[in-house]
Amino acid sequence: MNRPLFDKVTLIGVGLIGSSLARAMHRHGLAGEIAGCARTEESCAHLLELELCDTAHSDPAEAVQDADLVILCVPVSANAALAEAMAPGLKRGAIVSDVGSVKQSVIRDVDPFLPEGVHFIPGHPIAGTEHSGPEAGFAELFENRYVILTPPPGSDEEALEKVAQLWRTCGSTVEIMEPGHHDKVLAITSHLPHLIAYTIVGTAANLEESERREVVKYSASGFRDFTRIAASDPIMWRDVFLNNREAVLEMLQRFNEDITALQRAIRWGEGEMLESRFQQTREIRRGVVELGQAGTFDPREPEKVKKEE
Ligand SMILES: NC(=O)c1ccc[n+]([C@@H]2O[C@H](COP(=O)([O-])OP(=O)(O)OC[C@H]3O[C@@H](n4cnc5c(N)ncnc54)[C@H](O)[C@@H]3O)[C@@H](O)[C@H]2O)c1
Ligand SMILES: O=C(O)C(=O)C[C@]1(C(=O)O)C=C[C@@H](O)C=C1
């Protein structure tokens, strides 16, 4: 049997993404040993019960002892305090990475605490669900998905390649991106859609009682897709918006201008304008589905991509 890519990997935070990584690393034999870090003794015991980790620790510095790779898998506002707490336990040559949905803030928050000789390779798997916690993860989550790595200039090539190799073995396609660019792209493709979903479901919830009952009753249509997204973890998403403020506000400004244009077209009965906009977006959807293999395939709904093609 081949030697694992890493002798010891520590996951700081073992929720949806951390537990999916633990399951994928087990499946592909990527780590000789997996340590988990959770906030309470009770959560540590739960991780061991679920057989996600070999050891579980509530002290971050203890959790990272002897680790070759440490991956922060917590809501992004928690990164700074955890980086500070784990720093004394990191060994020279260790690689620190993360899975956070925002990349500039993690560099701002984590890098200053890392000791000399520790390599930092931030990352973001573009894969997730509306569920959270260690039970919600599954080994196939990263298959046929992109993972964006945002290594700082001058990063250690070997460390970068090892992190990329980890994700490729989990079934992902790895892309390298500048962190500011990542945050802008994700602001429009992920963060704004979540904000819109939270808003529309909230607006529906504020309707008169009788209308609200009908929203629930007839939500087998488009609205249902919004409710899935709007069920996403409140803490994770609070942190995304607080940490990618500028890019989200910029995209929101553009969105507001575009929705105002559509509002005008509806008011003035400008059918051609509406039709041409909807035609354009339909073509974009078809392009997304064609690009499919790394992005729209959902292992839980294997038929979906085929049906849409
Ligand atoms: N959910 C998604 O769709 C998705 C996709 C890609 C990336 N991400 C990113 O992954 C990260 C984790 O998200 P998730 O979906 O796994 O969330 P999650 O809520 O399922 O898991 C986060 C885990 O971190 C733990 N945690 C929080 N603070 C901690 C602390 N101080 N010490 C130790 N553990 C702590 C929580 O108890 C929880 O178990 C976030 O940064 C998020 O932006 C999420
Ligand atoms: O499919 C979902 O539930 C997701 O929202 C996943 C999703 C996304 O927006 O695509 C959410 C946040 C991430 O940082 C990456 C992926």
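Atoms within each ligand, like the ligands themselves, are counted from 1 in listed order. None of these values were measured; they are calculated from a predicted model.
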Do you see a donor-acceptor pair shorter than 3.5 Å between the side chains of [X] and [Y]?
{"X": "Arg23", "Y": "Ser19", "result": "yes"}
{"X": "Ser232", "Y": "Glu130", "result": "no"}
{"X": "His124", "Y": "Glu175", "result": "no"}
{"X": "Ser77", "Y": "Asn243", "result": "yes"}
{"X": "Gln253", "Y": "Glu257", "result": "yes"}

Any salt bridge linking [X] with [Y]? Criterion: basic side-chain nitrogen under 4.0 Å from a carboxylate oxygen.
{"X": "Glu116", "Y": "Arg92", "answer": "no"}
{"X": "Asp68", "Y": "Lys91", "answer": "yes"}
{"X": "Glu250", "Y": "Arg245", "answer": "no"}
{"X": "Glu178", "Y": "Lys103", "answer": "no"}

Taking everything shown except [X] itself, do over 12 heavy atoms lie less than 6.0 Å from its [atom1]?
{"X": "Lys184", "atom1": "NZ", "result": "no"}
{"X": "Arg108", "atom1": "CZ", "result": "yes"}
{"X": "Glu157", "atom1": "CD", "result": "no"}

Q) Side chain, backbone, both or neither: which part of Pro193 has a heavy atom under 4.0 Å from ligand 2? A)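 It is neither part, as no heavy atom is under 4.0 Å.
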Between [X] and ligand 2, is there a nitrogen or oxygen pair with a distance under 3.5 Å?
{"X": "Gly128", "result": "yes"}
{"X": "Ser232", "result": "no"}
{"X": "His194", "result": "yes"}
{"X": "Arg228", "result": "yes"}

Identify which of [options] has a heavy atom lying nearest to [atom].
{"atom": "atom 5 (C) of ligand 1", "options": "Ser132, Ala127, Pro75", "result": "Ala127"}
{"atom": "atom 22 (C) of ligand 1", "options": "Ser232, Gly128, Gly13, Cys73", "result": "Cys73"}
{"atom": "atom 35 (C) of ligand 1", "options": "Thr40, Leu11, Val74, Ile12", "result": "Val74"}

I'd like to check which ligand 1 atoms, numbered from 1 as shown, lie under 4.0 Å from a non-hydrogen atom of [X].
{"X": "Pro125", "answer": "6 (C)"}
{"X": "Thr129", "answer": "1 (N), 3 (O)"}
{"X": "His124", "answer": "6 (C), 7 (C)"}
{"X": "Val99", "answer": "7 (C), 8 (N), 9 (C), 10 (O), 11 (C)"}
{"X": "Val76", "answer": "41 (O)"}
{"X": "Gly100", "answer": "41 (O)"}

For [X], counting its heavy atoms only, list the atoms of ligand 2 lying under 4.0 Å from any of them.
{"X": "Ser190", "value": "8 (C), 9 (O), 11 (C), 12 (C)"}
{"X": "Glu130", "value": "3 (O)"}
{"X": "His124", "value": "13 (C), 14 (O), 15 (C)"}

Using a plain distance cutoff, I'd like to know if [X] has any nitrogen or oxygen under 3.5 Å from a nitrogen or oxygen of ligand 1.
{"X": "Ile17", "result": "yes"}
{"X": "Leu16", "result": "yes"}
{"X": "Arg39", "result": "yes"}

Q: For His191 and ligand 2, answer yes if some heavy atom of the residue is under 4.0 Å from a ligand atom, otherwise no.
A: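 Contact absent.
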Q) Is the closest heavy-atom distance from Trp237 to ligand 2 below 4.0 Å? A)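 Yes.
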Q. Do the side chains of Ile12 and Val163 join up, straight or via other hydrophobic residues, at under 4.5 Å, putting them in one cluster?
A. no
**Q.** Result of checking Glu208, Glu209, Glu214 against Arg212 for salt bridge (Lys or Arg N to Asp or Glu O under 4.0 Å)
**A.** Glu209
**Q.** Distance from atom 21 (O) of ligand 1 to nearest protein heavy atom, with residue and atom
**A.**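 Here the nearest protein heavy atom works out to Gly15 CA, 3.2 Å.
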Q.
Could you tell me if the side chain of Ile95 sits less than 4.5 Å from the side chain of Val70, heavy atoms only?
A. no
Q: Check each heavy atom of Leu82 against ligand 1 and say whether those closer than 4.0 Å belong to the side chain, the backbone, both or neither.
A: side chain
Q. Using a heavy-atom cut-off of under 4.0 Å, does the side chain or the backbone of Ser101 touch ligand 1, or both, or neither?
A. both
